[in-house]
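Below: the structure, in structure tokens.
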Amino acid sequence: LCPCLIYGAYVFLPFDAPLLPTVSARLVYTLRCAAFATFPIVLGMIVSGISRLCSSALEPFGELQREVEIHRTYVSQSIHLFILYFFNMAVLATYLPQEVLKLIPLLTGLFAISRLIYWLSYAIGRSFRAFGFSMTFLPLLAMLLWNLYNMFVLEPENLLA
């Protein structure tokens, strides 16, 4: 489903990436796009704080209720996945040709939407969360494999340059 969503958005959304000739410009563009991917994490932190505040626990540092635990786990996992996402996206931006840089904001949007889907499905029930997690993890895995392929197969002489 993820390749179909990315391809459909790539073909049908009417925007292009700005001209980014240098590596530093591409990294700044990636950083700006990644700022939008933090929206689900910040929203999760807010909801987690509100649910902890409204919790009926007698001891604030005692055992967490399920509603509070869901949000806390979501935020923790989202932060870990965002770190992996951001570093892979930064490396990916250095290897992509100018014509394909439109993928950077599309992958950012996919990350944000898939984290929100994961959060919703995790709140419904733990057995439903595989879909949202796979929409986050599989594009991340594809980016990692593409980055490793570029680093070690296509340009091994520029690995540390």
Side-chain angles (χ1 to χ4, degrees), residues 1-18 20 24-96 100-147:
L1 183 62
C2 291
C4 294
L5 288 174
I6 293 293
Y7 179 75
Y10 186 83
V11 170
F12 294 115
L13 288 179
F15 75 93
D16 286 325
L20 303 168
S24 60
R26 289 172 181 235
L27 291 176
V28 168
Y29 182 67
T30 303
L31 183 65
R32 289 178 180 169
C33 287
F36 290 104
T38 62
F39 171 74
I41 299 170
V42 172
L43 184 64
M45 287 178 177
I46 292 169
V47 171
S48 177
I50 291 171
S51 67
R52 194 170 187 91
L53 183 67
C54 296
S55 173
S56 62
L58 296 176
E59 294 183 25
F61 297 109
E63 179 118 0
L64 297 177
Q65 293 179 346
R66 183 181 183 278
E67 294 82 19
V68 177
E69 186 67 30
I70 286 172
H71 305 306
R72 189 186 66 80
T73 304
Y74 164 75
V75 169
S76 173
Q77 291 176 357
S78 294
I79 289 171
H80 295 139
L81 284 170
F82 175 76
I83 291 168
L84 291 172
Y85 157 80
F86 178 72
F87 284 121
N88 274 293
M89 194 64 94
V91 173
L92 182 69
T94 62
Y95 285 115
L96 287 177
V100 193
L101 278 178
K102 185 178 178 179
L103 283 177
I104 301 292
L106 294 178
L107 288 169
T108 301
L110 180 67
F111 178 83
I113 290 169
S114 62
R115 289 315 296 164
L116 291 173
I117 289 172
Y118 173 79
W119 191 16
L120 179 66
S121 61
Y122 189 47
I124 291 172
R126 292 186 177 189
S127 60
F128 297 111
R129 65 184 175 177
F131 177 70
F133 182 77
S134 65
M135 281 186 64
T136 305
F137 183 71
L138 294 177
L140 183 64
L141 185 64
M143 283 191 296
L144 176 67
L145 293 174
W146 178 256
N147 290 336

Between Pro40 and Ala37, what is the shortest heavy-atom contact and its length? CD-O, 3.3 Å
Are side-chain heavy atoms of Arg115 and Phe111 found at a separation under 4.5 Å? yes
So OH of Tyr118 and OG of Ser78: to nearest 0.5 Å the spacing works out to 7.5 Å
Answer yes or no on whether Arg26 is positioned over the face of Tyr29, meaning its NZ or CZ is under 6.0 Å from the six-membered ring centre and within 45° of the axis. no
Note: Ile41 and Tyr74 closest approach over all heavy atoms is N-OH, 4.3 Å
Minimum heavy-atom distance Gly132-Ile117, with the two atoms named: CA-CG2, 4.1 Å
Does the side chain to side chain contact (heavy atoms under 4.5 Å, CB included) test come out yes or no for Leu92 and Leu103, once each step is laid out? CA-CA 10 Å; Leu92 182 69; Leu103 283 177; 5.7 Å; no
CG/Leu5 to CG/Leu107 distance, rounded to the nearest 0.5 angstrom? 11.0 Å
To the nearest 0.5 Å, tell me how far Thr30 OG1 sits from Leu101 CG. 7.5 Å
N/O donor-acceptor pair under 3.5 Å between Asn147 side chain and Asn88 backbone: yes
Verify whether one side chain among Thr73 and Glu69 offers a donor that lies under 3.5 Å from an acceptor in the other. yes
Any side-chain heavy atom of Leu27 sitting closer than 4.5 Å to one from Leu31? no
Evaluate side chain to side chain contact (heavy atoms under 4.5 Å, CB included) for Phe87 paired with Val91, printing each intermediate quantity in order. CA-CA 6 Å; Phe87 284 121; Val91 173; 5.8 Å; no
Atom CZ of Phe137 and atom CG of Leu84: how far apart are they, to the nearest 0.5 Å? 8.5 Å
Side-chain heavy-atom pair Lys102, Tyr10 within 4.5 angstrom cut-off: yes
From Ser51 atom OG to Ile46 atom CD1, the distance as rounded to the nearest 0.5 Å: 12.0 Å
Set out, in order, the CA-CA distance, both residues' side-chain angles and the distance that settles side chain to side chain contact (heavy atoms under 4.5 Å, CB included) for Val47 and Trp119, then state yes or no. CA-CA 11 Å; Val47 171; Trp119 191 16; 3.7 Å; yes
All side chain to side chain contact (heavy atoms under 4.5 Å, CB included) counterparts of Ala9, not counting sequence neighbours: Leu13, Leu106
Could you check Thr108 against Tyr85 for side chain to side chain contact (heavy atoms under 4.5 Å, CB included), going step by step and ending with a plain yes or no? CA-CA 9 Å; Thr108 301; Tyr85 157 80; 2.5 Å; yes
Please round to the nearest 0.5 Å and tell me the distance separating atom CE of Met135 and atom CD1 of Ile113. 7.0 Å
